[in-house]
Amino acid sequence: MARARDADACPGALQVHQAADGLMVRVRLPGGMLTAAQLAALAQASMQVGSGTLELTARGNIQLRGITDAASVADTVTQAGLMPSATHERVRNIVASPLSGRVGGNVDVQAWVGELDAAICAEPRLAELGGRFWFSLDDGRTDVSGLGADVGVHIFEDGAGLLLAGRDTGVRLAAGDIVNALVSVAMRFVEVRGRAWRICELADVTALWPGMKLGPAIPAVTRPPMGWIEQDGGDIALGAAVPLGVLPARVAAYLAAVDAPLVITPWRSVLVCDLSEEVADAALRVLAPLGLVFDENSPWLNVSACTGSPGCAHAAADVRADAALSRDAPAAGHRHFVGCERACGSPQTGEVLLATGDGYRLLRP
C-alpha cells in the first residue's frame with residue numbers, strides 16, 4: 001500500500017496534530033514505562049491546557065487532546081524526562097512485555113528497552129522513520145509479538161528470534177546482538193522503503209535481512225494482564241483496564257499518588273507495580289470506584305474505539321459512545337468501532353465496525 005503523502009504527519013510532543021477538538025500531542029513511552037511523577041506531570045498539563053483526559057494508545061503511548069498551549073506541553077514533557085531527543089521523539093515506538101522482569105517470561109527485556117531507545121536516538125538516519133514504525137520486545141510469553149510491530153525480538157526456547165511484521169524470520173540472535181539487529185533492520189528500511197510507512201507495505205520484506213524465511217504470523221493477545229497480580233519476588237502489581245482508553249486526568253493523578261512504577265500496555269490498560277500487599281489493597285479500594293476496571297470478565301474488555309466525532313473531523317459518528325452502549329451486547333469476540341475507513345487503532349484480531357452515518361457495517365470480520 002503506497003503512502004498518501006511524502007511528509008510524515010504522525011503527531012509527537014513537538015509536531016502536534018490539529019484535530020477537530022484542538023491540538024493533539026502524542027508522548028512516546030518506550031516499553032510503556034513511566035514514573036508516578038511523569039504521569040502526574042502529564043495529568044497536570046491536561047487539566048491546565050487540555051481536555052482534562054489522557055488517551056492510552058495501542059502502542060503503549062499517551063495522547064493529550066484539546067491542547068491550547070503546545071509550547072507549555074512540550075516543556076512539561078521535556079522537564080519530565082520524556083523527550084531525550086527532539087529529533088527522534090516521534091520514532092521511539094517500542095512495545096515490550098509489560099510484566100517482564102516481574103512475572104514469568106524467559107528473559108527480562110526491560111534493559112533492552114532502554115538500550116534500544118538510546119540506540120535509536122543515537123542514529124541520525126532513524127529520525128527519518130515514520131511515526132507509525134514500531135519495535136517489539138517479547139520475553140517469551142507471546143504477549144506483544146502478535147501485535148504486528150514492524151521489527152521485534154521474541155525469546156523462543158531456541159534463542160532470541162528476529163521478527164518482521166509479527167512473523168518469525170528463522171533468524172536467531174545472541175543477546176548482545178539484539179539491539180544492533182533491530183537498529184540495522186530499521187536503517188535498512190529507511191534505505192529501501194520508497195513510499196512505504198510500514199514494513200508490511202514493502203513488496204519484498206526479505207530485502208531487510210538476507211537469507212531469512214518468514215513463518216506464519218504469531219497469534220495476537222487481545223486482553224491485558226488484569227487485577228491482583230503476584231510478582232515473582234513477592235510484591236503485587238495491579239492491572240487496570242481503562243474503558244475505551246480514555247483516562248480522566250484526575251484519575252491519573254490518583255494513580256500517580258500511589259507513587260509506584262507504572263506501565264501503559266498496548267491494550268490501553270495500566271499496571272501499577274512493585275506494591276506491598278497492604279499498599280495494593282489500599283490502592284485497589286481507592287482506584288476501583290474511580291472507573292478503572294480490575295475485573296477480567298468486565299464487558300469493557302470486549303470493545304474499543306477510535307476517537308470518533310466530535311474529536312475527529314473524518315468520523316461519521318460518535319463511535320466511543322456507540323461502543324460504550326454496545327459493550328453488554330452478546331459477541332463472539334472483540335469489537336472495535338471506527339468512524340472512517342482509516343480504522344485507527346484497530347487491534348490485530350476481532351471485528352472492526354465502520355460507522356456509515358446510518359449505522360455500522362463490518363469493515364473486517
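Everything numeric here is computed off the predicted structure, so don't read it as measured data.
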Exercise. Is the backbone of Leu292 close enough, under 3.5 Å, to the side chain of Trp300 for a donor and an acceptor to pair up by distance?
Worked result: no
For this session: Please check if any side-chain donor atom of Arg223 sits under 3.5 Å from a side-chain acceptor atom of Asn302, or the reverse.
Result: yes
Problem set entry | Donor-acceptor pair, side chain of Gln79 and main chain of Asp75, under 3.5 angstrom | no
For this session: Could you tell me which residues satisfy salt bridge (charged side-chain N to carboxylate O under 4.0 Å, His left out) with Asp259, sequence neighbours excluded, listed by chain and number?
Result: none
For this session: Please examine the side chains of Thr222 and Trp267, heavy atoms only from C-beta on, and report whether any two atoms are closer than 4.5 Å.
Result: no
For this session: Consider only side-chain heavy atoms of I, L, V, M, F, W and Y, link residues closer than 4.5 Å, and tell whether Met226 and Leu147 are in one cluster.
Result: no
For this session: Examine distances only and state if a side-chain atom of Arg90 and a backbone atom of Cys10 form a donor-acceptor pair shorter than 3.5 Å.
Result: yes
Exercise. For the residue pair Asp150 and Ile199, what are the closest heavy atoms and their distance?
Worked result: OD1-N, 2.8 Å
Problem set entry | Residue pair Thr356 / Asp358, side-chain donor-acceptor N/O under 3.5 Å | no
For this session: Answer whether the closest heavy-atom distance between the side chains of Leu275 and Asp235 falls below 4.5 Å.
Result: no
Exercise. Of the non-hydrogen atoms in Leu301 and Ala241, which two are nearest, and what is the gap between them?
Worked result: CD2-CB, 3.5 Å
For this session: Output yes when a side-chain donor or acceptor of Arg335 lies under 3.5 Å from a complementary backbone atom of Ser326, and no otherwise.
Result: yes
For this session: Answer yes or no: are there more than 12 heavy-atom neighbours, outside Glu230 itself, under 6.0 Å from its atom CD?
Result: no
For this session: Specify whether Phe337 and Tyr360 have parallel, tilted or perpendicular ring planes, treating 30° as the upper limit for parallel and 60° as the lower limit for perpendicular.
Result: perpendicular
Problem set entry | Flag, side chain of Arg59 to backbone of Arg132, donor-acceptor distance under 3.5 Å | yes
For this session: Could you tell me whether Glu296 atom CD has more than 12 heavy atoms of other residues or ligands within 6.0 Å of it?
Result: no
Exercise. Counting only N and O atoms by type, is there a donor-acceptor contact under 3.5 Å from the side chain of Arg361 to the main-chain atoms of Ala355?
Worked result: no
For this session: Before accepting this row, confirm whether a basic side-chain N of the pair Arg188/Glu191 lies closer than 4.0 Å to the acidic partner's carboxylate O.
Result: yes
Exercise. Any donor-acceptor pair under 3.5 Å linking the side chain of Gln231 with the backbone of Arg102?
Worked result: no
Seminar exercise, completed: Applied to residues 160-175, the side-chain hydrogen bond (donor to acceptor under 3.5 Å, both in side chains) test, sequence neighbours excluded, yields Asp158-Arg172, Asp168-Arg172
For this session: Please confirm whether the backbone N or O of Leu42 pairs with a side-chain atom of Ser46, one donor and one acceptor, at under 3.5 Å?
Result: no
Problem set entry | Polar side chain donor-acceptor pair, Ser309 to Asp318, under 3.5 angstrom | no
Problem set entry | Smallest separation among heavy atoms of Val109 and Ser97, with atom names | CG2-N, 4.5 Å
Exercise. Going hydrophobic residue to hydrophobic residue with side-chain gaps under 4.5 angstrom, can you get from Val258 over to Ile264?
Worked result: yes
Problem set entry | Donor-acceptor contact present, side-chain His88 to main-chain Glu123, <3.5 Å | yes
Seminar exercise, completed: Shortest non-hydrogen pair, Pro224 vs Thr265, comes out as CB-OG1, 4.2 Å
For this session: Using ring pair (Phe, Tyr, Trp, His ring centres under 6.0 Å) as the criterion, list what pairs up with His154, not counting sequence neighbours.
Result: Phe156
Exercise. When clusters are formed by joining ILVMFWY residues with side-chain heavy atoms under 4.5 Å apart, either directly or through shared neighbours, do Leu162 and Val144 land in the same one?
Worked result: no
For this session: Could you check Asn93 against Arg28 for side-chain hydrogen bond (donor to acceptor under 3.5 Å, both in side chains), going step by step and ending with a plain yes or no?
Result: CA-CA 6 Å; Asn93 294 304; Arg28 266 64 179 189; 3.0 Å; yes
Exercise. Just by distance, do the side chain of Arg26 and the backbone of Val16 share a donor-acceptor pair under 3.5 Å?
Worked result: no
Problem set entry | Short N-O contact, Arg65 and Glu55, less than 4.0 angstrom | yes
Problem set entry | Minimum heavy-atom distance Ser72-Asp69, with the two atoms named | OG-O, 2.9 Å
Exercise. Mind checking whether Leu137 and Leu163 sit in one hydrophobic cluster, side chains of I, L, V, M, F, W, Y counted as touching below 4.5 Å?
Worked result: no
For this session: State whether a side-chain donor-acceptor pair under 3.5 Å links Ser304 with His334.
Result: yes
Problem set entry | Verify same cluster id: Leu82, Leu39 (apolar side-chain graph, 4.5 Å) | yes
